[in-house]
Peer 1: 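Below is a structure I'd like to ask you about.
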Amino acid sequence: MSIASLAAVLPVDGRQSPTALAVARGTTRLLHSLGFSVVSELALASGRRADLVALSTTGAIWIVEIKSSIADFRADQKWMDYRLHCDRLFFATTLDVPCDIFPPDTGLIVADAFGASVHCEAPEHRLHAGTRRSMLLAFAHAAALRLSALADPEGANGMEF
C-alpha cells in the first residue's frame, strides 16, 4: 500500500478543529521534507499527549504543539511539560495567529494545509539517555500499532496507539 493510499484510509481523530488539522498536515509535510518521521497524538510517559512527535535519522526528537488560535494558546499551559520529552520544542500555528504570543524559548512554525516554514528555530536541550530510549520506544510502538491496525482493523481491539 502506498503512502498516499495509507493517508486516505487513516481515521480522523475528531478532537482537532479543521484549522488544527490543516496546521498538522502542513507541519508534517515540512518535517518530512527535513528528513523526519512523524507520529501524531503520541502519548507521553507523563500522561500528556503530544500533537506531533518528529524523529530524525540521527535520533533527534522534536515535539510540535499545535495552536489554532490565541484562545487555544492561552487556555493551554500543559505545553511546558513537553520540553522534558524532546530535544527541541516548537509551536505550530497559522498566519492568523500573532507570532509574538509564543514564548521566545521555543521554536515557531507557521503552516497551512499545504506546507509550513520555520519562523523561529527552537533551542536545543538534549534529552537524557533514559528519556530518549523511552521516547524512541513509544514512537516505534505507536507507529507499529497504527500500521498493524490499517492491515487488520479488528485486530487492534481497543489498544491505545
Side-chain angles (χ1 to χ4, degrees), residues 3 7 10 12-13 15-147 160-161:
I3 296 293
L10 288 173
V12 175
D13 187 307
R15 291 178 283 192
Q16 295 85 12
S17 69
T19 302
L21 289 171
V23 170
R25 179 180 172 198
T27 301
T28 298
R29 287 180 172 190
L30 168 69
L31 292 167
H32 287 164
S33 77
L34 296 174
F36 286 83
S37 297
V38 180
V39 170
S40 62
E41 297 295 326
L42 183 66
L44 305 174
S46 65
R48 304 266 187 234
R49 185 179 300 271
D51 291 335
L52 299 175
V53 177
L55 176 64
S56 77
T57 56
T58 63
I61 298 171
W62 293 4
I63 290 181
V64 181
E65 177 66 4
I66 296 169
K67 295 297 166 204
S68 58
S69 66
I70 296 171
D72 183 19
F73 174 73
R74 290 190 175 145
D76 177 13
Q77 295 304 308
K78 67 185 182 295
W79 63 265
M80 291 175 268
D81 181 55
Y82 299 146
R83 190 182 311 274
L84 302 174
H85 303 280
C86 62
D87 295 307
R88 294 179 191 255
L89 176 62
F90 288 84
F91 283 97
T93 193
T94 69
L95 282 171
D96 298 330
V97 177
C99 295
D100 61 353
I101 69 168
F102 296 101
D105 61 340
T106 61
L108 183 63
I109 295 170
V110 178
D112 62 20
F114 304 101
S117 64
V118 176
H119 182 76
C120 179
E121 286 289 342
E124 185 177 51
H125 42 79
R126 300 286 296 168
L127 285 173
H128 295 290
T131 304
R132 180 173 311 285
R133 181 178 186 279
S134 174
M135 286 297 295
L136 289 171
L137 290 172
F139 188 98
H141 193 234
L145 283 173
R146 291 174 190 182
L147 283 173
E160 176 79 15
F161 52 86

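Values reported hereafter were calculated over all heavy atoms of this structure, with side chains retained and with hydrogens, waters and symmetry mates removed.
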Peer 1: Work out which heavy atom in L52 is nearest to a heavy atom in S40; give both atom names and the distance.
Peer 2: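 L52 and S40 have their closest heavy atoms at CD2-CB, 3.8 Å.
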
Peer 1: How close do G107 and A122 get, heavy atom to heavy atom, and via which atoms?
Peer 2: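 Scanning both residues, the minimum pair turns out to be N-CB, 3.4 Å.
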
Peer 1: Please confirm whether the backbone N or O of A116 pairs with a side-chain atom of R29, one donor and one acceptor, at under 3.5 Å?
Peer 2: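 No, R29 side chain to A116 backbone: no donor-acceptor pair under 3.5 Å.
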
Peer 1: With a 4.5 Å cut-off on side-chain heavy atoms, are V53 and C86 touching?
Peer 2: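 Side chain of C86 against side chain of V53, heavy atoms only: no contact under 4.5 Å found.
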
Peer 1: Which heavy atom of P103 sits nearest a heavy atom of F73, and at what distance?
Peer 2: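 Scanning both residues, the minimum pair turns out to be CD-CZ, 3.8 Å.
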
Peer 1: What closest approach, in Å, do L30 and S33 show between heavy atoms, and which atom pair accounts for it?
Peer 2: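 The answer is O-OG, 2.6 Å.
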
Peer 1: Any heavy-atom pair between the side chains of M80 and L89 that's under 4.5 Å?
Peer 2: no

Peer 1: Quick check: closest heavy atoms across V64 and A92, and the distance to 0.1 Å?
Peer 2: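 Minimum heavy-atom separation between V64 and A92: CG1-CB, 3.5 Å.
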
Peer 1: Check each of T94, T93, D112 against V23 using the side-chain contact (heavy atoms from CB on, under 4.5 Å) test, and report the only one that passes.
Peer 2: T94

Peer 1: Which of parallel (below 30°), tilted (30 to 60°) and perpendicular (above 60°) describes F91 and F102?
Peer 2: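 Tilted: the ring planes of F91 and F102 meet at 30° to 60°.
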
Peer 1: We want to know whether S56 and T58 form a side-chain donor-acceptor pair, criterion being a heavy-atom distance below 3.5 angstrom.
Peer 2: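 The answer is yes; a qualifying pair exists.
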
Peer 1: Can you name the nearest heavy-atom pair linking T106 to W79, along with the distance?
Peer 2: CG2-CZ3, 3.9 Å

Peer 1: Under a 3.5 Å distance rule, please check whether T28 uses its side chain to pair with a backbone N or O of A24 as donor and acceptor.
Peer 2: yes

Peer 1: If we only count heavy atoms from C-beta on, is the I101 to K67 side-chain gap below 4.5 Å?
Peer 2: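 Not touching, per the 4.5 Å side-chain cut-off.
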
Peer 1: Here's a test for you: under side-chain contact (heavy atoms from CB on, under 4.5 Å), which of L127, T131, I61 qualifies with L136?
Peer 2: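 Looking at L127, T131, I61, the match for L136 under the side-chain contact (heavy atoms from CB on, under 4.5 Å) is I61.
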
Peer 1: When you compare the side chain of T27 with that of F90, does any pair of heavy atoms fall below 4.5 Å?
Peer 2: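 No. Closest side-chain heavy atoms not under 4.5 Å.
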
Peer 1: Answer yes or no: is there a donor N or O on one side and an acceptor on the other, between the side chain of R132 and the main chain of G59, under 3.5 Å?
Peer 2: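 The answer is yes, because a donor-acceptor pair under 3.5 Å joins these two groups.
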
Peer 1: Do S69 and T19 come within less than 4.5 Å of each other through their side chains, counting heavy atoms only?
Peer 2: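 Answer no - side chains too far apart.
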
